[in-house]
Amino acid sequence: MRTFMNMATNQGDQGTDMGLIVCSGCNEVIDTLPTNGVKIIHGFCGKEECGGNTPDSR
């Protein structure tokens, strides 16, 4: 994950990944993505204990 703030200028970086993809089963951050602000997207990581790849097994 990249830094959210440029410490020298105290301003946000334009190329910053502020979007997070978080697993609903284990709360692990799966990935980051560039957004215009902080966004949190929930999904499943694919681990067997988190329901695997099928959303019906929740």
Side-chain angles (χ1 to χ4, degrees):
M1 185 183 323
R2 295 185 219 160
T3 349
F4 290 117
M5 199 68 109
N6 182 333
M7 299 309 273
T9 62
N10 208 21
Q11 294 179 353
D13 185 11
Q14 295 298 333
T16 303
D17 289 352
M18 294 181 75
L20 298 175
I21 304 173
V22 179
C23 177
S24 294
C26 65
N27 292 320
E28 182 177 330
V29 175
I30 300 168
D31 205 355
T32 61
L33 60 148
T35 59
N36 290 335
V38 176
K39 306 255 190 294
I40 300 174
I41 300 169
H42 292 274
F44 286 94
C45 63
K47 294 179 187 174
E48 190 65 35
E49 60 268 18
C50 297
N53 293 324
T54 60
D56 295 333
S57 62
R58 288 187 257 169

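Reckoned from all heavy atoms, side chains included, excluding hydrogens, waters and symmetry mates.
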Applying salt bridge (charged side-chain N to carboxylate O under 4.0 Å, His left out), which residue pairs with at least one partner in residues 28-37 are found, sequence neighbours left out? E28-K47

Does the side chain of L33 come within less than 4.5 Å of D17's, by heavy atoms? no

List the atom of C23, the atom of C45, and the distance in Å for their closest heavy-atom pair. SG-N, 3.5 Å

On a heavy-atom basis, the closest approach of G37 and M18 is O-CB, 3.6 Å

Quick one: CG on L20 to CD1 on I41, what's the gap to the nearest 0.5 Å? 9.0 Å

Tell me which one of V22, V29, T35 satisfies side chain to side chain contact (heavy atoms under 4.5 Å, CB included) with I40. V22

